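When reading the values below, keep in mind they use all heavy atoms of this one structure, side chains included, and skip hydrogens, waters and symmetry mates. Small disclaimer: the values here were computed from a predicted structure and weren't measured. In what follows, every chain begins at residue 1, and chains take the letters A, B, ... in the order their sequences are listed.
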2 protein chains.
Amino acid sequence: MKHKKVSLSDIAEKLGVSKTLVSMVLNGKGDENGISKATQERVFKLAQELNYKPNQFARSLRIGKSNTIGLIVSDISNPFYAKMARYVEDYCSQNQYNLIICNSDENSTKEHKIIDTLLEKQVDGIIISSTIEDTEHLQKIQNEQVSYVLVDRIYSSYPSHYVVVDNVFGAREATQYLLEQGHKRIACFTISPAHISTQVERFLGYKQAIDLSTESFDDFYHKVIPRENMYKSIYNILRDWSNNKVMPTAIFSANNQITLALLEVCKEMKILIPSKLSIISFDDIDVFRFYNPPITSVLQPIESIAQKAVETLLKVISKTKANEELNELYQVKLQTNLILRESVAKYN
Amino acid sequence: MKHKKVSLSDIAEKLGVSKTLVSMVLNGKGDENGISKATQERVFKLAQELNYKPNQFARSLRIGKSNTIGLIVSDISNPFYAKMARYVEDYCSQNQYNLIICNSDENSTKEHKIIDTLLEKQVDGIIISSTIEDTEHLQKIQNEQVSYVLVDRIYSSYPSHYVVVDNVFGAREATQYLLEQGHKRIACFTISPAHISTQVERFLGYKQAIDLSTESFDDFYHKVIPRENMYKSIYNILRDWSNNKVMPTAIFSANNQITLALLEVCKEMKILIPSKLSIISFDDIDVFRFYNPPITSVLQPIESIAQKAVETLLKVISKTKANEELNELYQVKLQTNLILRESVAKYN
DNA sequence: AAAAAACTCTAAAACGTTTTAGAGTTGTTA
DNA sequence: TAACAACTCTAAAACGTTTTAGAGTTTTTT
């Protein structure tokens, strides 16, 4: 029982009317085009009966719009991005948009390829948390007149629409909390590649807090952990500090994966948390809630980030389509929340 | 500098050749159609220069194939599905397929809608972990001649292609391990809705283990936890058991979310693991590795599941397209692995 | 009774590909 | 030198929509 897909023409033919009419009616433009109620009724009825499904390709080809957007993140199995993707998907489908999710694996070459693919698929827009250091990929997207908004990660010297979190504030607040608890030697771990704005900003917030305090900042305690070799390199760092009797009393970790590795190392080295070492982490993932002790962390409003990102992108898309001049830049910065748990001890 | 997108005709025109020729060359069919090397060279060169990108909609419209597949899971922010989606995406893009990921939220109505949307988008195939009890949605997909493969969850009485894990074996092995450690009163927690095959099968494996042992099976220790109210209902169950002095010595939890809730309840009620209660869980998620004590669990080979699912679907798609009779059913069942950690104590 | 307005509908083009069937040369064979 | 093969290329249709510009009736106005 191979039955061909039913098209507009099939309906038109059976009803003895034109495709134009059927198209109008089915798109809800029957009234405004003065199609009689009776005819509209007949069209709807038959369409239903035949289980008519418009061909999206024909449609997209004709109107030059795919109703699809792309989301590029480093790794969708990272809980932070998993949640984000989840909410982005929600808001997209609420707005009748399709979503294509892509993983860059923190690899510039791969991200460039992804962008090419997305542009070939003629997505209407891209939400992108980029791993690339320069901005030629953004230029490339713009050249194709495709809208985009940066999320999570931005370029300070390249004006664009973005939705991010106030990383400087979040990191400063976390570090200040550590200071308030009496810590003096506080280390900061960020993850490679070092140019990513989140890591730069969180380090900045950390530094600000220390500079504002009576303690003095020492770059010795800032380590960029290579993401390919987190466990080993953290292990080496802690061992060196320990051997040289310069162990910090607290660590601010600017990334959830770093924190996970750090926790494993501490377990392995039998460094007790928080009695021997206090830890505070950016990103609040499930593991932190369940860890023993539960980890104090900086919560990002993931759902709002996602919502704002989609909202912003759709705004930009519609303005671009309408050919309005887009002189206004949408730049959203959301607040973080410090979640106090038990991985930080008082120090004196 | 609004420059229109460049099309085949643009290239053809500038080169003074036909669209046909350009199309052939660009699709690598130059040789087999006897286009001279020189001409091919000119085409490639100009296409490159103009940064030509084929219009996928026109292409899909013409050849009736979208090169897109859909993935339906209950919630992509659940670590198990996040990983799965991640790998599915990998294998899809390796095969030049696009992926649309959808969340059903364990809601039948929503899943039906998702399927309708996917069919409208004319995906070439669907990988689906379904929440729906009956099989009319599968019928609907088949009616539209769209290929699909079930993953994770199946219908025992509805023949279809699938890729799953041997849940019965995994659950039996886990329960037998509990028995070997001397446990006699072993409970089993599954999650609602109760009809989902994974839950049914895991319960079955649990029951088999007990029936095979010297212990006797008691349905009293099998609880289906409603997913909307996991914490509270687990709390009530444990409290009742405790009050009535019928606390099991071990619990086999057939779902990672249930386990998480169970762990929280135990913490709240100060039930020590594993000394007071041993726990073993299906699914091995990050939290379990990091928990204190680390949770013994049944590991599913997520990457293989994903790989096989994509592989199978693509096979089915190509056979369907070639109009070959598909009398053979692809049914893949993968093995689980019991990961021994520290949440199970010996009991005597 | 002619002109205007209102109402209902349609023909045909366009979007950018792929594919079918075959056209026009040039060279080769009998 | 006629027939044939080989080589290189093309016209046009088709996929299924949306949209533009306007056609054909009937009703209303003057």
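Of the charged side-chain nitrogens involved, none lies within less than 4.0 Å of a carboxylate oxygen, so that B:E303 and B:R86 do not count as a salt-bridged pair. Under the 4.0 Å criterion applied to side-chain N and carboxylate O atoms, B:D116 and B:K140 are assigned as salt-bridge partners. A salt bridge is absent between A:R42 and A:E49; no separation between the charged side-chain nitrogens and carboxylate oxygens falls under 4.0 Å. Of the charged side-chain nitrogens involved, none lies within less than 4.0 Å of a carboxylate oxygen, so that B:E13 and B:K19 do not count as a salt-bridged pair.
A:T20 contributes no side-chain N or O that forms a donor-acceptor pair with the base of D:dT18 under 3.5 Å.
If you measure from atom CD of A:E32 to atom P of D:dT18, you get 13 Å, rounded to the nearest angstrom. With rounding to whole Å, B:L21 atom CG is found 16 Å from D:dA12 atom C1'.
Nearest heavy-atom pair across B:S60 and B:K65 is OG-O, 3.0 Å. For the residue pair A:P193 and A:T131, the shortest heavy atom distance occurs at CG-OG1, 4.4 Å.
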Scan nucleotides 14-17 of chain C against the protein and return all N/O pairs shorter than 3.5 Å with their distances rounded to 0.1 Å.
{"unit_1": "C:dA14", "atom_1": "N3", "unit_2": "A:R62", "atom_2": "NH1", "d": "3.2"}
{"unit_1": "C:dG16", "atom_1": "N2", "unit_2": "B:A58", "atom_2": "O", "d": "3.4"}
{"unit_1": "C:dT17", "atom_1": "OP1", "unit_2": "B:Y52", "atom_2": "OH", "d": "2.9"}
{"unit_1": "C:dT17", "atom_1": "OP1", "unit_2": "B:N55", "atom_2": "N", "d": "3.4"}
{"unit_1": "C:dT17", "atom_1": "OP2", "unit_2": "B:L8", "atom_2": "N", "d": "2.7"}
{"unit_1": "C:dT17", "atom_1": "O5'", "unit_2": "B:Y52", "atom_2": "OH", "d": "3.0"}
{"unit_1": "C:dT17", "atom_1": "O4", "unit_2": "B:K19", "atom_2": "NZ", "d": "3.1"}

Atom pairs, protein N/O to nucleotides 24-27 of chain D N/O, distance under 3.5 Å:
none

Atom pairs under 3.5 Å: protein N/O with N/O of nucleotides 4-8 of chain C:
none

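Residue A:G30 is out of contact with every strand shown, counting any heavy-atom pair closer than 4.0 Å.
Of the residues in residues 40-48 of chain B, not one comes within less than 4.0 Å of DNA chain D through any heavy atom.
Under the salt bridge (charged side-chain N to carboxylate O under 4.0 Å, His left out) criterion, B:K83 pairs with no residue, sequence neighbours left out.
Each of A:N103, A:D75, A:D152 was evaluated against A:Y81; a single residue qualifies, A:D152, per the side chain to side chain donor-acceptor pair (under 3.5 Å) test. Only one option out of B:T20, B:L21, B:N27 pairs with B:M24 in a side-chain contact (heavy atoms from CB on, under 4.5 Å); it is B:T20.
The aromatic rings of A:H161 and A:Y330 sit tilted relative to each other, their planes meeting at an angle between 30° and 60°.
For the atom pair CG of B:D134 and NE2 of B:H195, the computed distance is 9.0 Å after rounding to the nearest 0.5 Å.
Summarising the local packing, CD of A:E120 is surrounded by more than 12 heavy atoms from other residues, nucleotides or ligands at distances under 6.0 Å.
Residue pairs meeting the side-chain hydrogen bond (donor to acceptor under 3.5 Å, both in side chains) criterion with at least one partner in residues 29-39 of chain B, sequence neighbours excluded, are B:D31-B:K37, B:D31-B:Q40, B:S36-B:T39.
For D:dT19, the OP1/OP2 oxygens have a side-chain nitrogen or oxygen of A:K29 closer than 4.0 Å.
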